[in-house]
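Ligands are counted one by one from 1 in listed order, and the atoms in each one are counted from 1 as well.
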Amino acid sequence: MNLSIKQKLKEIVGEENFTDDLIELVPYAYDASDHDHRPEAVVWPTHKEQVSQILFLANAHRFPVTPRGAGTGLSGGAVPVQGGLMMDLSKMNRILDMRIADRQAIVEPGVVYADLENALTPHGFFFPPDPSSSSVCTLGGNVATNAGGIRGAKYGTTRDYVLGLEVVLPEGQLIRTGSNCIKSASGLDLTRLFVGSEGTLGVITEITLKISPKPFAIKTASASFSNLGDAGQSVIEIIRSGIIPSALELLDENTIRVLRDQGKMDLPQVTAMILAETDGYTDGEASFQMDKVIEVLKRNHATDIRIARSTQEAEDLWKIRKSIGSIAAQLRTHNVSEDVTVPISKIIDLMTGISNIVHHYGLPFVIFGHAGDGNLHPRIMYDRSNPEQVEGLRKAVEEIFKLTCQLGGTLSGEHGIGLAKAPYLPLEHDSMNLNLMRAIKKLFDPNHILNPGKMNL
Ligand SMILES: Cc1cc2nc3c(=O)[nH]c(=O)nc-3n(C[C@H](O)[C@H](O)[C@H](O)COP(=O)(O)OP(=O)(O)OC[C@H]3O[C@@H](n4cnc5c(N)ncnc54)[C@H](O)[C@@H]3O)c2cc1C
């Protein structure tokens, strides 16, 4: 990127919204994944017209552009692996409209998830996906990665809530997709194509989200198991019983041990734990579902069943789940967190298989995740300065992906493919599918300037 290009970028966004200062570039080399690469410059556009002019310029001079929200992605999607320009959308952060009667919120991409949540709460509405990074991640990033969260089993992921988008295509043209209606059966679904496209097909500049009335009655419980199979059978029977809990989380033996030993939490010495939450618009509705859940847990030999009797007790139970990442990360200097997903009935096969694989390579690990939608988060800790551990990690991750695909699963339930999983995409998609994906990329981005090097495109 030469001086004249940098000058043009300054003219587009203003001096104050451009930098090529090394000290400011360094943090933009990273997201929350294990990958890094420094960009040559960063811009903070404040209007869609600027986004369009920048992409027009990038095409004319063939430099790469990487869109970024808050950089909390776990698969390297926002790492500018081929250098070039980082486009930080965090200054486009206005909630443009909330049309409660239409069940819609219209936002710019840089709005932080929690800010929308706070704006919707007084209206009794919410945007359900709720990723654990909600206090910092942006809605643009959520749409681009199809983010999910612990409520996925009942409420789905971001994709289920995007009604329409405004997108600047890689060559600079601005388009609108979808409609302002709760439903539409009109034409090919371009909106869904952009959701989960990880900034490879266009830069999202406006999002029309479907919002939902918030169920205020919530029941929370935890249960322990001395046998992993009993925990797995409970998950299957809960879903079969017709109850879809708003959260159904599973913790493996290692997770419980680490929380007890490292985190000093008061947890029993057991093989597995389940955390369950039911919700409804009345207390009776949430309690009716929780009673059914407890019935199933008891039938499957659960011990130490704790039912929260207050909001504080519920928060204490959720603290167990929410602390895992930060406590486990203390075990080594580096860690990777995967988000492999299988049909719900295969969750125990996946958990057992992952345990065996990682155990073989002698690395510390924990496995936990959203059992209610078949999504597990194995987190493997390692020391990057130790080549044996680095190689062990690489092999373990590859074997985990192979196992997941053998079980009929998918490499990513919510974090996306980015850089981290790009080499493994052929395990899940055959060459016809991959070629179609690449043809679509070429159609949208003939000069391959937008977020190159991602998703094996
Ligand atoms: C502690 C922690 C907990 C997490 N928990 C969860 C979880 O529960 N569920 C979950 O799904 N994820 C989770 N994540 C991962 C991450 O928060 C999500 O993937 C989130 O959606 C990323 O948002 P972001 O704004 O940080 O995007 P970034 O990381 O900045 O970008 C992610 C991808 O989106 C693209 N992108 C960003 N903005 C745009 C735009 N406007 N137009 C086009 N492309 C764009 C980028 O190019 C990149 O490919 C977690 C991460 C951390 C660190």
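Every residue meeting the ring-ring contact (aromatic ring centres under 6.0 Å, His included) condition with Tyr424, not counting sequence neighbours, appears here in chain and number order: Phe401. Scored by the ring-ring contact (aromatic ring centres under 6.0 Å, His included) test, Phe444 finds Phe194 as partners (sequence neighbours excluded).
Checked against Leu139 for a side chain to side chain contact (heavy atoms under 4.5 Å, CB included), the options Ile204, Val112, Val111 give a single hit: Val111.
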Sequence neighbours left out, cut at 3.5 Å: what donor-acceptor pairs do the side chains of residues 208-219 make with other protein atoms?
residue: Ser212; atom: OG; partner: Arg103; partner atom: NH2; Å: 3.2
residue: Lys214; atom: NZ; partner: Glu117; partner atom: OE2; Å: 3.3

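Between Arg394 and Glu398 a salt bridge is recorded (basic side-chain N to carboxylate O distance below 4.0 Å).
Sorted by chain then number, the residues whose non-hydrogen atoms approach ligand 1 to under 4.0 Å are Ala32, Pro67, Arg68, Gly69, Ala70, Gly71, Thr72, Gly73, Leu74, Gly77, Ala78, Leu89, Pro109, Pro131, Ser132, Ser133, Cys137, Thr138, Gly140, Gly141, Asn142, Ala144, Thr145, Ala147, Gly148, Glu198, Gly199, Gly202, Val203, Ile204, Glu414, His415, Asn451.
The aromatic rings of Tyr382 and His334 sit tilted, their planes meeting at an angle between 30° and 60°.
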